[in-house]
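Structure record follows, encoded as structure tokens.
We count ligands from 1, going down the list as the structure has it; atoms in each ligand are counted the same way. Since this is a predicted model, take the numbers as computed values, not measurements.
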Amino acid sequence: MLEIKALTTELDSDSGLIRAVDALTLSIHQGETFALVGESGCGKSMTALSILRLLPDSGRVSSGSVDLDGTDIMQVAEARMRDFRGRRISIIFQEPSTSLNPVMTVGRQITEVIERHTSVRGEAALAKAVDWLQRVGIPEPERRVNDYPFQMSGGQKQRVMIAIALAAEPDVVIADEPTTALDVTIQAQILDLLKELQRTQKMAMLLITHDIAIVSQMAHRVALMYAGQVVEVAEAAEFFARPLHPYAVNLFDALPDESKRGRQLASIAGSVPALNQEFSGCRFADRCADAMDQCRRSPPELGEFSSGHTVRCFLYDGATVTHRPTHTREVDQLIAADSPAGATVLDVCDYKVWFPIRKGLFQRTVGHVKAVDGVSFSIAAGRTLALVGESGSGKTTVGKALLQLLRGKAEISGSALLSGQSLDVLSGANLRAARQTVQIVFQDPFASLNPRMRVHEILEEGVASLHPEVAPVTRRERVASLLEKVGLTRSALERYPHEFSGGQRQRLAIARALAVEPRLIVADEPTSALDVSVQAQILNLLKQLQQELGVAYLFITHNFGVVEYLAHDIAVMKNGKLVETGTAQAILHNPQHEYTRTLLSAVPRLVKATSFSAEF
Ligand code: SF4
């Protein structure tokens, strides 16, 4: 249905010409789900935009062809291309909030596609739009068809996006991270819906994702991309049973899960190389434990290892395996056993955070949003409590309220004792001093580090305010050794946050939190913006610091792989209340509450994938 040959996409940038996609070749059959996986910056989304000819102004497809059922769509005029987009090939974007038109009803956005690409008009088109809303699972579609996007939840907006993408019944749909912005339960519904629609419509789907578990549930075939190139293609079942490329092997090793508790996760050293250079050898060579002389001298070609399984690596010379790729060395390195729980660091009892709803001229309080409504839990030194639940359940509000970041904005009651002391009643210098015991690491390290301050200023700020008696030279020495502790060099002290990668910035945020020697760190989704290999480095670091320093973590997350790997205890939150708390072992293996069971069953897991040839 879709045959891509030697597709090359170039982008102009301040640092020169970037070859974002380099000679990409793959084909997708009717009714097949083909997954394109890889870490950020490897060219997945650029491939999608190239196929649809929706590249930014600075980009162009410099060579190659994209054959859609017999027509090379790279060669057709733009006016004709508009007939192809939506009708023959369409795309579901990652973020429905920014992809839907906020000033048009969802019904109008669906009928626009139907009227543009088919002969159906007016009332009949509206009836079709209602039908599509029904098919994608929007309740009361006759009424909701007149709603605007802001009147819908995140999951419903993504369903509308899917309805728009499929309304003209395209032959091929590209789903670019279609569930990344959604909660696990909504994600499970959307994935089931896509599977069902694909089966009934017999369309081909190019699924772009960084989530390997989703690939294992959805895909018939998989292509792994690295630095703009495809490095491995295989049937999904084969890929998961026998990954060949060292990058693929390392990625699997880096995924956190329960079986890896007590061990360090594999992390892939270094980062994806810049694509504004000419490569003389293998692009993965600097990060590969198996790199040979030959790998740096000449670039490997994509070669067939077995029927339908191709790989770009010199380890596989024809079908002869010279040797198996090395699993990253750290993988077998055992972590010291968890020390027994120490004294209680945080004791939260019947904690409530209510936001007042004000109305009228005098802004009188007419009600409350009960974001957190009577939660109780405790964390001991050296332990990790994972606070899990869907977005809007109140997890982040708990963290922020504990750090006194919601003072004056919300009504807070109940008690939260940090090492026996209540922060709620403190103010001024006393509060500043008490804040030393608890720090927070946010999800987005870039937004939480001041871009105008050098690293040493960022790290010294907290020490200076809490320990003004410490001499500047001692302070500098202390933050320098902290940097080394989080795996950065002293040379970083004089640099600005923008000079670091995402993973390095998160290390800086952790170093900043540690600078004041806290007893508790609230970590709010600290790895959700990071790639798998970088996530592994940060999780290793957090675990190691806990063992060395005995710091306790309140880990707010929706990633169950991370929970399984890191948490000692789990608290499940729904609508501001805790529905279940217990040890990680008990909650993961014997959940008692219906909601916990629903949440756990919605988590995508690595499964043996379906065989395309068996189904079709
Ligand atoms: Fe590693 Fe060499 Fe294979 Fe590249 S070609 S992945 S450097 S072994």
Query raised in the report: How about F284 and H245: are their ring centres within less than 6.0 Å of each other?
Result: yes
Query raised in the report: Quick one: which ligand 1 atoms are inside 4.0 Å of a heavy atom on F314?
Result: 3 (Fe), 5 (S)
Query raised in the report: Near E548 CD, under 6.0 Å, is it more than 12 heavy atoms from other residues, nucleotides or ligands?
Result: yes
Report task. Tell me which protein heavy atom sits closest to atom 4 (Fe) of ligand 1, plus the residue, atom name and distance to 0.1 Å. Result -> C282 SG, 2.4 Å
Query raised in the report: ligand 1 versus Q294, non-hydrogen atoms closer than 4.0 Å: side chain, backbone, both, neither?
Result: neither
Query raised in the report: Relative to the heavy atoms of P246, which atoms of ligand 1 are at a distance of less than 4.0 Å?
Result: 6 (S)
**Report entry** Cation-aromatic face contact R283/Y226, 6.0 Å, 45 degrees
**Finding:** no
Query raised in the report: Once the angle between the rings of F305 and Y316 is folded into 0 to 90°, is it parallel (under 30°), tilted (30 to 60°) or perpendicular (over 60°)?
Result: perpendicular
Query raised in the report: Should R296 be listed as contacting ligand 1, given a heavy-atom distance under 4.0 Å as the test?
Result: no
Report task. Identify the protein heavy atom lying closest to atom 3 (Fe) of ligand 1, giving its residue, its atom name and the separation to 0.1 Å. Result -> C313 SG, 2.3 Å
Report task. Output the list of atoms in ligand 1 that are nearer than 4.0 Å to some heavy atom of H245, sorted by atom number. Result -> 6 (S)
Query raised in the report: Do D72 and S65 meet the criterion of a side-chain donor-acceptor pair at a distance under 3.5 Å?
Result: no
Query - ligand 1 contact on C288 by region, counting heavy-atom pairs under 4.0 Å - result: side chain
Report task. Using a strict cut-off of 4.0 Å, indicate which atoms of ligand 1 neighbour a heavy atom of L315. Result -> 8 (S)
Query raised in the report: When the ring planes of Y553 and F555 are compared, do they come out parallel, tilted or perpendicular, using 30° and 60° as the limits?
Result: perpendicular
Requested in this report: Applying side-chain contact (heavy atoms from CB on, under 4.5 Å) between L52 and each of I89, I73, V172, V66, report the one that passes.
Outcome: I89
Query raised in the report: Mind checking whether atom 2 (Fe) of ligand 1 has an N, O or S of C295 under 2.8 Å?
Result: yes
